[in-house]
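Quick notes on the structure that follows.
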Amino acid sequence: MKDIVIIGGGPSGMAAAVRLAEKGYDVAIIERKEELGGILDQCIHDGFGTKIFGVALSGPEFAGEFIEQVQKLGIDVYLKTYVKSVEASGKVKEIITVSPDGVEIIKTKSIVYAIGCRERHQFEIKIGGTRPAGVYTAGMVQRLVNLYGILPGKNVVIVGGGDVGMIVARHLYLEGVDSILVVFPEEFFAGLPRNVQQCILDFGIPYRPRTVVKEIVGKDRVEGVILVQVDEKWNPISGTEEFYPCDAVILSVGLVPYTKKLTDIGAEIDPRTKGPIVNEFFETTVRGVFAAGNLVQIFDYVDDAVESAYLAAEGVEKYLRGEERLERPIFINPGENVRTLTPHRVEWKDERPITAFMRPAIEGKAWIIVRNERGEILEKSFRRYVRPSTLERIEISRDILENAEEVFIDVRGL
Amino acid sequence: MSEVYEFLCIRCPKGCRLKVMVEEGRVTVDGYECLEGKKYGEEEVKNPKRIVTSTVRILNAKYPRLPVRTAEPVPKDKILDVINALKGVVVKAPVKRGQVIIENVAETGVDVIAERDMECVEK
Ligand SMILES: Cc1cc2nc3c(=O)[nH]c(=O)nc-3n(C[C@H](O)[C@H](O)[C@H](O)COP(=O)(O)OP(=O)(O)OC[C@H]3O[C@@H](n4cnc5c(N)ncnc54)[C@H](O)[C@@H]3O)c2cc1C
Ligand code: SF4
């Protein structure tokens, strides 16, 4: 029997595996693809690892660093292996896997899920019209271009002004498509300013704010889209419809944690993050089952995803050693101007401060405040600049939580 | 005479707000959270540069394309020259991460390197 099985061999899964193997635990990684690395193999741009390695690496390079450590430590890796079902309620957990070698049952004392996220598609954002060939998600295009050298079309429309959309726009521009138009319903790009600068403005790629694709036109292949302008509430403005010819539509309309596997075993989900409810060591509501990385919430920064994995690794160790838990959990709730917040509760006895990740709902100078239900401020820290596109990492001291049943986190603008 | 510039560090998603002061040719940077940011701030006022990432054709490998990048940032106005220099380049697996694919690409003094290992697969 294994001490830990990690499901998902992306950066988060590998980070948790390495941490635990270094401490001498018997670890296995299960990955459905034919190699380790997760989505990083298609993210060939640079900007990964500034926190962990102190240099800006590309996605494959960042993954490569961890793959080397996994190999050096001799961690058991099951590739091309898909997790079919899991029995996680007991002390001994059973994972049923399917691979080209057949069906196998792997027994383990604990599990870390690190299976990442999926892309939202056109049905989720209500684009009308036909269903011709030539409609892609941004991730599919990244794979096509960066691994296979195939361009999706000559004249492309990119739907969505987030980071993934902008990065894909730059790649397509440099790889030589004839025209690109980026449209999004917000007033300005929703992604990080760095990407607006280095992906869009550096090359003068055209974009239209307050614009959405109403309909995709084309019988067998995409022949164009019907664009429409929208108001601040994203409602279409009548009379602004326009036919725009193109041969590919690329959707970059958000990522969602891939939680089906977790709900299957009865783990509870947070409607805000759309990921599992976790405690301060990223343990789900199923004992001995942990979650890390983009499965918990979308981390736009791989270094933060890896940190969540290290925290999960600490938790696994506490679980395997049978360390003591608090008599009852202390809840950490999102307060004013907080879009998402993890972890959701504190459950373990420990001295270390609690690391939390929070997405603010406002932009500008701000205080981040931890308060109790009576509104008394327990702790605060200053931020020179917060914005919704940047996840904030905060530390909460343990001693301020003593006697509290729940605390709230606020972001207060200055 | 001193001048102050403000911009966002683009070296990683954190996007620190940098304040760069130029005083009699001396450049000081404020607001960075890691040394990449200090370097970026200095360069952005002197000579704006970018890392260029792309792919080249690779034979006998798992995928037909190998991701590559400039080992160091190159001047912004050289980006397209670098991309053009990569067109038509064909390499053969195996390749090791960090291996030089093109030396001194587009006369920038910077090499283009492989971003990952690519094993040779017999088809
Ligand atoms: C386009 C794009 C650009 C980005 N740019 C940056 C950047 O510049 N800098 C930065 O720091 N971060 C960036 N990120 C974020 C970073 O890539 C993520 O934070 C990180 O990849 C998350 O890692 P993960 O291990 O949680 O998930 P993933 O990398 O998605 O890994 C999950 C793994 O689980 C496997 N899996 C799924 N289901 C199963 C199953 N049932 N059985 C077995 N295995 C399974 C998958 O195959 C995959 O390998 C970017 C992300 C995207 C999409
Ligand atoms: S200064 Fe460092 S941490 Fe801040 S954005 Fe630049 S690279 Fe990232």
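Chain letters run A, B, ... following the sequence lines, proteins first and then strands; every chain starts at 1.
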Exceeds 12 heavy-atom contacts within 6.0 angstrom, atom [atom1] of [X]:
{"X": "E363(A)", "atom1": "CD", "answer": "yes"}
{"X": "E395(A)", "atom1": "CD", "answer": "yes"}
{"X": "K96(B)", "atom1": "NZ", "answer": "no"}
{"X": "K78(B)", "atom1": "NZ", "answer": "yes"}

Return yes if some donor-acceptor pair links the side-chain N/O of R65(B) with the main-chain N/O of L147(A) below 3.5 Å, else return no.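 Looks like no, no N/O pair under 3.5 Å.
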
Between T50(A) and E36(B), is any side-chain donor less than 3.5 angstrom from a side-chain acceptor? no

Look up atom [atom1] in [X] and atom [atom2] in [Y], then write down how far apart they are to the nearest 0.5 Å.
{"X": "N146(A)", "Y": "L66(B)", "atom1": "CG", "atom2": "CG", "result": "11.0 Å"}
{"X": "I113(B)", "Y": "S58(A)", "atom1": "CD1", "atom2": "OG", "result": "8.0 Å"}
{"X": "Q198(A)", "Y": "I51(B)", "atom1": "CD", "atom2": "CD1", "result": "10.0 Å"}
{"X": "S54(B)", "Y": "R170(A)", "atom1": "OG", "atom2": "CZ", "result": "10.5 Å"}

Pick whichever of [options] has the most heavy-atom pairs under 4.5 Å with chain A.
{"options": "V56(B), L35(B), I79(B), D117(B)", "answer": "I79(B)"}
{"options": "R57(B), R116(B), R97(B)", "answer": "R97(B)"}
{"options": "V68(B), T55(B), I58(B)", "answer": "T55(B)"}

Region of C9(B) in contact with chain A, defined by heavy-atom distances below 4.5 Å: backbone

Of the backbone (N, CA, C, O) and the side chain (C-beta and beyond), which part of L80(B) lies under 4.5 Å from a heavy atom of chain A, both, or neither?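 L80(B) touches chain A through side-chain heavy atoms alone.
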
Show the numbers, then the answer: is there a side chain to side chain contact (heavy atoms under 4.5 Å, CB included) between D46(A) and E115(B)? CA-CA 10 Å; D46(A) 69 307; E115(B) 289 189 2; over 6 Å; no

So which residue, P193(A), G176(A), G64(A), ends up with the most heavy-atom pairs under 4.5 Å with chain B? G64(A)

Please rank R384(A), E35(A), E175(A) by heavy-atom pairs under 4.5 Å with chain B and give me the top one.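 The candidate making the most pairs under 4.5 Å is E35(A).
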
In terms of heavy-atom proximity below 4.5 Å to chain B, should [X] be classed as side chain, backbone, both, or neither?
{"X": "H45(A)", "value": "both"}
{"X": "E392(A)", "value": "neither"}
{"X": "V145(A)", "value": "backbone"}
{"X": "D41(A)", "value": "side chain"}

Just to verify, what does Y173(A) make a ring pair (Phe, Tyr, Trp, His ring centres under 6.0 Å) with, not counting sequence neighbours? F203(A)

Between the side chains of E61(A) and R69(B), is the shortest nitrogen-to-carboxylate-oxygen separation below 4.0 Å, so that they form an ion pair?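 E61(A) and R69(B): salt-bridged.
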
Taking all non-hydrogen atoms of both residues into account, name the closest pair between L8(B) and R387(A) and its distance.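 So the two residues come closest at CD2-NH2, 3.3 Å.
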
Show your reasoning for whether side chain to side chain contact (heavy atoms under 4.5 Å, CB included) applies to R143(A) and Y63(B). CA-CA 10 Å; R143(A) 285 197 85 72; Y63(B) 302 113; 3.8 Å; yes

